[in-house]
Amino acid sequence: MDPLAKVLNPPQLEAVRHGEGPLLILAGAGSGKTRVLTHRIAHLLRERLARAPEILAVTFTNKAAGELRERIAKLVGPEDASRLWVATFHAAGARILRREAEALGLTRSFAIYDDADQLAAAKRASADLGFDTATAKAHLSRIDRWKNAGLLPPEVRVPDYDVPGKTAAKVYTQYQKALQASNAVDFGDLIVRVIELFRKREDVLQNYAGRFRHVLVDEFQDTNPAQYQLLKLLASVHGNLCVVGDDDQSIYRWRGAEVDNILDFPRHFPGTRTVRLEQNYRSSQRILSAAHAIIEKNERRAEKKLWTAAGEGEKVRVVLAEDERDEASRVASELYEQNARGTSYAEMAVFYRANAQSRALEDALRARRIPYRVVRGRSFYDRAEVKDVAAYLRLCVNPRSDGDLLRVINVPPRGIGDTTVDHLRASAARQGLSLWEALGSNDPELPSNARAKLAPFKSLIDKLRENVSGSAADAIERVVEMTGYEDRLRLEGEEGEDRIDNLYELVGAAKEFDAAWNEASGLRPQTPGPPAPPVEKPLVPNPLTMTRSQYLKAVRAAPGALGSEQTEEVEGDRPDPIAALAAADRDEADTPLIGFLEQLALVGDADAAESGDRVSLMTLHAAKGLEFDAVWMTGLEERVFPSSRSLGQTGPLASGEEDPNEIAEERRLCYVGMTRARRKLTLTLARCRSLFGELRFNQPSRFVRELPPDLTEGLAALDRLSPMQERARKDVFYDDYDQRPRYVDAPPQRNRMRESRYEPASKPAVKLAAAGVDALSPGARVKHPTFGVGTVEDEDGAGLNRKLTVRFAPGVGLKKVLARFVEPA
DNA sequence: TATTGATTGTTTTTT
DNA sequence: ACAATCAATA
């Protein structure tokens, strides 16, 4: 009997053993998809269906990539594992772009811009074109959507009546130009520009697509159209695309993920074999059934029903609290109690819909001295001081990066204000140069006082560039010292000291990085014999997540360790193209600094905090892929979860109507949360909660109402009156006023205005809707309740919340008003 | 140029 | 409530 059959169930086995051709693995929560992925890769290698460099496995997070690689290493050994491509979409894209940079007019040291850099660049692009920078955010979100769809500026098509869209398209063109001039790319470019590259250069595409005999994708339900296109290109030669995912866990629609990618996969790839993994190895049956009751209400989904061989387990519990503080304190008590009964804190987690909800929980946990950690994306690397130093470092490597130059040109303050910067930018624009190039250009038109202020900055950067070499840690220390950054922070008292500490933490991280790099370069061939037992963190040279520089060093220093029989194994007399490719890989060199900067851009520090026996607090989104013994989901109230935005009550597209797609996504989010729990699941809600500064009484979430009563306890309490209501009913002396929470002071003025802000479309809006889209376009006459009649000069945003710039009567002048509040005049 | 007061916008955020 | 950003000022 096949030894695999001992560790895999029949559908898992089928997926692992599938040979050539498209394969769709619909993997329910906790159904062992990583096990299938790792065994499948091991199988491909063992059966010689592919050699390690011919396999590409793509994930969404660095953590997933790391885990995948480690688990594969345990099956096939570190040598083969190190020669696989296992990476996130973005890391893989970054790697390809670095190798092929010249083909796109970039250099190998291009900068990767994060969200904040992107926004700044979009603002500059808007301003360059003479548009209001306040609209840049809206433009950027369109630009992101285009990138998610795989569209570069020339491919963007906007209908004429979509005026803001037309503007955004112009900004997009300018934005891309600016990035290119800065030798920089943004996150979206890490995908789209690879597509661009492959389109432009058939030979490059053939190199990669010809090489990857098997392409495997994890969390496929989260791919956006651009990523999907890229995958199709990469798999275009061999057609062996294996995707693993769960449409029920698609929770990133708002970021461009397209569930249809997984649902329609068999239609896009005729001949697809579909395998369903429905046996769950994580949760009790009651939890699974309750979760199923929620998710089955979604219409468009691939039918799956999880089952488990484990027992029924406890009922799902619902806990009703008075307000968010009460809710938090009950959760805290229960955590304490569970811990006393023997569940470690690390095995428990509290989930919420939005980060803001963590505050009450943190207070309650601190009060009880319960150890906790808040899982947030990449808080450390988002600190201003870290980004400032990173900007200096990037500037050293790639001085053309305008975004980085502008960030630090006056940090610490050196008397270079907006005026001076404007002069410099004008000079750069005149000459068609980057800011850095303009600094060195001796432009006669640059005013002399500006020149006087800029000169010391230029020589500072020059000096830095001379002093900064390979080591990332050294580079940071140099920057902190030579720029006067640390001195400046010292002057700022306690907060400054904290920031200095952060910088030293960064130096520490850089030292570790340097050390890993050096260690990789010193890696020696292993003596033949039985493979070493897996160490805690096996050092597996990884061309992607470990960063390219480390990998190259490793390969160069120790060809015997990595270069393997298989690479040298030549079929017949033909030179092995794989060996040739691998050899070509080794010819390029990076510094650890470039590697460190890439890590800074692509890697969050979420996994760094994973230490100690602590309760985990996180958003439902952050919970995907994790599991805990006991889980508390909080804030199960309408307008909190499902969020008010999905109910059409907030946000730029607020219509007052529920969006069924959004509700479906909230439902999936609920499903994801519930299926994280192994044996104990508690959903909590509060009768009232302060939200955006006002007290709100929300109805229990529909998701709580949909829980099957026989699997749940605590549902009855939902319809009981609160103590306050009870008291009011019994005691005639309490009048109506006393039933309501009293404000100590009158509610602030602004709150009252705000009440109307999110009100569903008011009367003017209705007239407006009737009058049609053009009623708001520039030139239109509109009437505003306070300002009277005026003429629209500009518009921004979409829907009834779009903003109009309107010129009213002479006394009133130019005002920005929300479209909701005007009616056609 | 830095400080202030006012205004604004607030889900989620793997990369 | 609250943080971040903007606009007016000293």
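Numbered from 1 within each chain, the chains take letters A, B, ... in sequence-line order.
- Shown for residues 246-255 of chain A: residues whose heavy atoms fall under 4.0 angstrom of DNA chain B, namely Tyr252(A), Trp254(A), Arg255(A).
- Asp114(A) and Tyr381(A) share no donor-acceptor pair across their side chains, judged by distance under 3.5 Å alone.
- Atom CZ of Arg376(A) is separated from atom P of dT12(B) by 10 Å (rounded to the nearest Å).
- For the pair Lys387(A) NZ and dA4(C) C1', the interatomic distance rounds to 14 Å; values are reported in whole Å.
- Separating the OH atom of Tyr381(A) from the P atom of dT13(B) is a distance of 19 Å, rounded to the nearest angstrom.
- Counting any heavy atom pair closer than 4.0 Å across all strands shown, Lys123(A) reaches sugar-phosphate atoms only and no base atom.
- A salt bridge does not link Glu637(A) to Arg696(A): none of the charged nitrogens lies less than 4.0 Å from a carboxylate oxygen.
- Between the C1' atom of dA4(C) and the CG atom of Leu119(A) lies a distance of 12 Å, rounded to the nearest Å.
- When side chains are defined from C-beta on, Asp144(A) does not count as touching Phe187(A), because their heavy atoms never get closer than 4.5 Å.
- Remark: Asn62(A) is not in phosphate contact with dT14(B), judged by side-chain N or O atoms under 4.0 Å from OP1 or OP2.
- Between the C1' atom of dT14(B) and the CG atom of Leu190(A) lies a distance of 14 Å, rounded to the nearest Å.
- Taking the ring centroids of Phe641(A) and Tyr352(A), they lie at or beyond the 6.0 Å cut-off.
- With sequence neighbours left out, Asp260(A) forms a salt bridge (Lys or Arg N to Asp or Glu O under 4.0 Å) with Arg300(A).
- Straight-line distance between the C1' atoms of dT5(C) and dT12(B): roughly 22 Å, to the nearest whole Å.
- Under the salt bridge (Lys or Arg N to Asp or Glu O under 4.0 Å) criterion, Arg71(A) pairs with no residue, sequence neighbours left out.
- Applying the salt bridge (Lys or Arg N to Asp or Glu O under 4.0 Å) criterion to Arg193(A), with sequence neighbours excluded, gives Glu196(A).
- Distances shown here put every side-chain N or O of Asn355(A) at or beyond 4.0 Å from the OP1 or OP2 atom of dT10(B).
- Counting to the nearest Å, the C1' atom of dT10(B) and the CZ atom of Phe692(A) are 5 Å from each other.
- Regarding contacts with the backbone of dT13(B), a side-chain N or O of Thr619(A) is found under 4.0 angstrom from either OP1 or OP2.
- A salt bridge links Arg394(A) with Asp117(A): at least one charged nitrogen is closer than 4.0 Å to a carboxylate oxygen.
- Ion pairing between Glu658(A) and Arg702(A) holds under the 4.0 Å rule for side-chain N and carboxylate O.
- Put simply, OH on Tyr352(A) is 20 Å from P on dT10(B), counting in whole angstrom units.
- Along DNA chain B, the nucleotide nearest to Thr61(A) and the one nearest to Glu662(A) differ in position, and the one closer to the 5' end is contacted by Glu662(A).
- The residue Asp115(A) sits close to a base: some heavy atom pair falls under 4.0 Å.
- Comparing atom distances between the His90(A) side chain and each of dT14(B), dT12(B), dT15(B) picks out dT15(B) as nearest.
- Looking at residues two or more places apart in sequence or on another chain, you find a salt bridge (Lys or Arg N to Asp or Glu O under 4.0 Å) between Lys33(A) and Asp218(A), Glu219(A).
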Distances under 3.5 Å only, N/O to N/O: pair up the protein atoms with those of nucleotides 1-4 of chain B.
residue : atom : partner   : partner atom : Å
dT1(B)  : OP1  : Gly417(A) : N            : 3.0
dT1(B)  : OP2  : Gly415(A) : O            : 2.9
dT1(B)  : OP2  : Gly417(A) : N            : 3.0

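- Between the CE atom of Met633(A) and the C1' atom of dT12(B) there is a distance of 14 Å, rounded to whole Å.
- The listed nucleotides are dT14(B), dT15(B), dA3(C); the one nearest the side chain of Leu602(A) is dT15(B).
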